[in-house]
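What follows is a single structure, written as C-alpha cells, with notes after it.
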Amino acid sequence: MGLPRGHLRSFSTAAVRLHRPPSGSISHEVKDKKEWQLELEQQIARGQLALARQVFDRIPAPDARVYNALIRAYSWRGPFHAAIDLYRSMLYFRVPPNKYTFPFVLKACSALADLRAGRTIHAHAAAAGLHTDLFVSAALIDLYIRRARFGPAANVFAKMPTRDVVAWNAMLAGYANHGMYHHAIAHFLDMQDRGGLRPNASTLVSLLPLLAQHEALFQGTSVHAYCLRAYLDQNEEQVLIGTALLDMYAKCKHLVYACRVFHGMPIRNEVTWSALIGGFVLCDRMTEAFNLFKDMLVEGLCFLSATSVASALRVCASLADLRMGTQLHALLAKSGIHADLTAGNSLLSMYAKAGLMNEAMMLFDETAIKDTISYGALLSGYVQNGKAEEAFLVFKKMQACNVQPDIATMVSLIPACSHLAALQHGRCSHGSVIIRGLALETSICNSLIDMYAKCGRIDLSRQVFDKMPARDIVSWNTMIAGYGIHGLGKEATTLFLGMKNQGFAPDDVTFICLIAACSHSGLVTEGKHWFDTMTHKYGILPRMEHYICMVDLLARGGFLDEAYQFIQSMPLKADVRVWGALLGACRIHKNIDLGKQVSRMIQKLGPEGTGNFVLLSNIFSAAGRFDEAAEVRIIQKVKGFKKSPGCSWIEINGSLHAFVGGDQSHPCSPDIYHELDNILVDIKKLGYQADTNFVLQDLEEEEKQKALLYHSEKLAIAFGVLSLNEDKTIFVTKNIRVCGDCHTAIKYMTLVRNRTIIVRDANRFHHCKNGQCSCGDFW
DNA sequence: GTAGGGTTAG
C-alpha cells in the first residue's frame with residue numbers, strides 16, 4: 001500500500017522521541033506478544049493510559065491492531081495529540097493504518113480542530129482506498145464541519161456509497177452550529193426523502209436549537225409531534241430532547257408550552273431548569289424567573305449552575321434588586337462556581353447596570369480571565385452611567401490587551417460619542433467598524449445614525465441609513481428621531497410614510513419619535529393626527545411616553561389649557577414627567593398661574609429629579625417674583641435634591657473642552673473672556689439686551705448681566721470662535737437646556753462673527769445662522 | 001440541550 005511521500009521527514013522526530021525504552025511500574029517479566037497485548041487492553045480498560053503506554057512500548061513489533069487500541073483510547077478523552085503522535089510513529093515504523101485507525105485519529109484531529117493534520121490523514125485514507133468507509137467518512141465530515149469547511153465536508157458526504165444516520169447527523173450538526181438555517185432544513189428533509197432514514201434523538205437535538213434561534217414555532221411543533229410519535233421522549237435521551245423542546249418553545253416566547261414540556265418531564269437536570277428560567281428572562285417576566293430560580297434551589301442544590309445564576313443575576317439587574325444580587329454574589333462564592341467566566345460577567349454586568357461602577361471595576365480587576373464580554377459589560381456600564389470618557393479608556397485597554405472588540409462592543413461604544421457629541425471620536429469609531437468589516441451590520445448602523453444625528457450631522461445619519469443593506473424597526477425609528485431633534489418634522493413625516501411604503505409596521509416607539517418630531521417643529525395638528533392614527537388605525541395602546549409627547553406638543557404649541565384637559569382625560573394616572581412637560585411649557589409661555597397649579601400637582605406626586613424644581617423656580621424668577629423662586633429652591637435643598645450644574649463642551653480637533661458657568665480653569669481663559677467682552681460690545685450695537693429674567697439670583701442689574709455673560713455655553717462658543725476658522729461650524733453641547741438669554745445672544749453672535757453655531761442642549765438642536773435659529777424660538 | 005456585554009423614545 002502506497003503512502004504519500006514526505007510524511008517520513010515531517011513525522012520522524014516525534015516518532016523517535018516516542019520510542020523510549022520502557023520504564024515505570026509494569027511487570028518486567030518476559031511475556032510473549034499475546035500476553036503483552038492482553039495487559040495493554042486491561043490497562044486501557046482501567047483507564048490507566050500512562051501504564052498502557054509503558055506496556056505498549058514493551059510489545060515487540062506492534063501491529064496495527066495494537067496501535068489502534070491505544071489510538072482509540074487516546075481519542076476517547078485525550079490526550080488527543082498523543083493519538084496523532086502515535087499515528088505518526090505507526091507510519092514511521094511502516095505499519096499500515098487500517099479502517100479502524102482512521103476514524104479515531106481523525107476524531108483526535110477534530111477535537112484539536114487540527115485541520116492540517118486532518119487533511120494529511122484524509123489523503124492517507126484516500127491512498128489506502130478507505131476514505132469512503134462509513135466511519136472514516138463520518139469522522140472526516142465532523143472534522144471539516146467543525147472548522148466550517150462545508151465544501152470538503154459535502155464532498156466526503158457525496159462520495160459515500162451508503163450513508164447512515166451518523167453521517168447525516170454530522171452534516172446537519174455542522175449546518176446547525178453555523179446557523180445555516182436553510183441548508184439545515186434542506187438537509188433534514190433530504191435525509192428522510194433521499195436517505196430514507198428516520199431522524200433520531202441526535203438529529204433533533206441538533207435541529208431544535210436552530211429552530212429556536214429562528215423562532216420557527218411551526219416547524220418546532222411538528223418536531224415535537226414527531227418526538228411523541230417516535231417515542232423519542234421516552235428513552236434515556238429524554239432529558240436532552242425535552243430540554244431542547246422546552247428551549248425551542250421558550251425562544252419562540254411560547255412559555256405556556258415550555259412550561260407544559262417542563263412539567264411533563266420525569267427527569268430534569270440543571271440544563272432543563274436553566275433553559276426555563278432563561279425563557280422567562282427572555283420574555284421579560286423577571287419576577288416569575290426569579291421565583292423559578294428559588295423553586296429550583298428548593299428542589300435541589302445540585303441544579304445550581306453558573307448558567308442559572310447568570311439568568312438570576314440578570315433578573316436582579318433588570319429589577320434593580322441589588323440586595324438579591326449581592327446575596328447571589330455570596331451564593332456564588334460559597335458554591336465555588338464564582339470563578340466561572342459567564343457567572344463572573346453576569347455579576348460584573350449587574351453591578352455596572354446598578355451604577356456601582358467602583359464595584360464593577362474591582363470585580364473586573366480581580367478576575368484573571370477576561371473576554372470580550374467582560375470588557376463589553378464594563379464599557380457599556382460606563383456609557384449607561386454617563387461616563388463616556390471612562391468608556392473610551394476601557395476600549396483602549398481592551399485593544400492594548402489584544403482583546404478583539406465585536407459588534408456588541410462597538411454598539412456600546414458609539415453612543416459614548418453621542419453623549420459627548422464628539423464628532424471626531426464618532427468618526428474614528430466609524431472608521432474602526434469599517435476596518436473590522438462591521439460597517440454594514442444593522443445594529444452598528446443604527447448606533448451610527450443616532451451618533452451622527454446627535455453630533456449635528458443629520459446628513460451623515462441619512463448617508464448611513466441609505467447605505468444599509470438591511471434595516472430593522474430601530475433603524476427607521478432612530479432616523480425619525482434624528483430628524484425630530486433637528487426640528488425637521490416634515491422630513492420625519494416623509495420618512496415615516498416611506499417606511500410604511502416599504503412594508504414596515506411602525507411600533508409604539510415609532511410614534512413616540514414621530515410625535516416628538518412634530519412637537520419640536522411646532523406641527524401641532526400633524527402630531528394630533530398621528531396620535532389618533534396610532535390608536536385607531538394601528539391599535540397601539542398609548543403608553544405614558546406617548547402622553548408625555550402629546551402634552552409637550554400641545555403645551556409647547558401654546559395650547560396650555562387643551563394640554564391640561566388632555567391630562568385630565570388620560571386613562572392613566574399622569575406621572576411627574578407628564579406634568580413636567582406642561583410645567584416646561586408654562587415657563588416658555590410665562591403662564592404663572594397654571595405653573596403654580598401644576599407645580600402643586602407635582603409636589604403631591606413627590607417630585608423625582610430636580611428638573612421640576614428648577615423649572616418652577618425659573619417661572620417665578622422670570623416673573624420677577626424672586627421671593628417665591630427662592631422659596632422653591634429652599635424646598636429643593638431641604639428635600640435633598642441637587643441641581644446638576646450646567647456644563648457645556650466643544651470638540652476642537654478631537655479634544656474635548658468643557659466649561660461650567662463662570663469657569664476660569666481653562667488655560668485660554670483670559671483670551672476667552674476678552675473675546676466674550678468684545679462680542680458683548682458688538683452684539684449690543686445690533687440691539688441685544690441682556691434678558692436678566694433668566695438670572696435666578698436676586699442680584700444688582702450689572703452683576704446679573706455678568707452672570708449671564710459667563711454662562712457655560714457662551715464660554716464654549718467664544719472658545720470656538722477663537723479656535724476654529726470662520727468657515728467651520730461651531731458645535732457646542734450643553735447638558736441642560738439653553739437659557740432664553742443665551743438663545744438670543746447666540747443668534748446675534750452668528751451675525752457679528754459671521755458664524756454658523758449649533759448648540760445641542762438637553763432637549764433639542766439649535767441650528768443658528770444669519771441671526772436665525774432653526775427652532776424658530778419654539779423650544 | 002441552557003447562559004454573560006448592545007442600538008431607537010420622553
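First the proteins, then the strands, lettered A, B, ... as listed; each starts at 1.
- Look at A:R314 and you'll find a side-chain N or O under 4.0 angstrom from OP1 or OP2 of B:dG4.
- Residue A:K454 has a polar side-chain atom (N or O) positioned under 4.0 Å from OP1 or OP2 of B:dA9.
- Using cut-offs of 30° and 60° on the angle between ring planes, the pair A:F504 and A:W476 is tilted.
- Distance CD1 (A:I480) to P (B:dT8): 15 Å, rounded to an integer number of Å.
- The nucleotide whose nearest atom lies closest to any side-chain atom of A:A275 is, among B:dT2, B:dG5, B:dT7, B:dT2.
- Of all nucleotides listed (B:dT7, B:dT8, B:dA3), B:dT8 comes nearest to the side chain of A:A481.
- OP1 or OP2 of B:dG6 sits under 4.0 Å from a side-chain N or O of A:S380.
- Contact annotation: the side chain of A:H546 approaches that of A:R543 to within less than 4.5 Å [non-hydrogen atoms, C-beta and beyond].
- With hydrogens and angles ignored, a donor-acceptor pair under 3.5 angstrom links the side chain of A:T409 to the base of B:dG5.
- The side chain of A:Q384 contributes no N or O atom lying less than 4.0 Å from OP1 or OP2 of B:dG5.
- Using cut-offs of 30° and 60° on the angle between ring planes, the pair A:F293 and A:F290 is tilted.
- Not one side-chain nitrogen or oxygen of A:K251 sits closer than 4.0 Å to the OP1 or OP2 atom of B:dG1.
- When the P atom of B:dT7 is taken as reference, atom CG of A:L379 falls 11 Å away, rounded to whole Å.
- In terms of polar N and O atoms assigned as donor or acceptor, the side chain of A:S346 never comes within less than 3.5 Å of the base of B:dG4 in a complementary pairing.
- Contact check, A:S349 against B:dG5: a side-chain N or O comes under 4.0 Å of OP1 or OP2.
- Distance from the side chain of A:T342 is smallest to B:dG4 among B:dA9, B:dG4, B:dG1.
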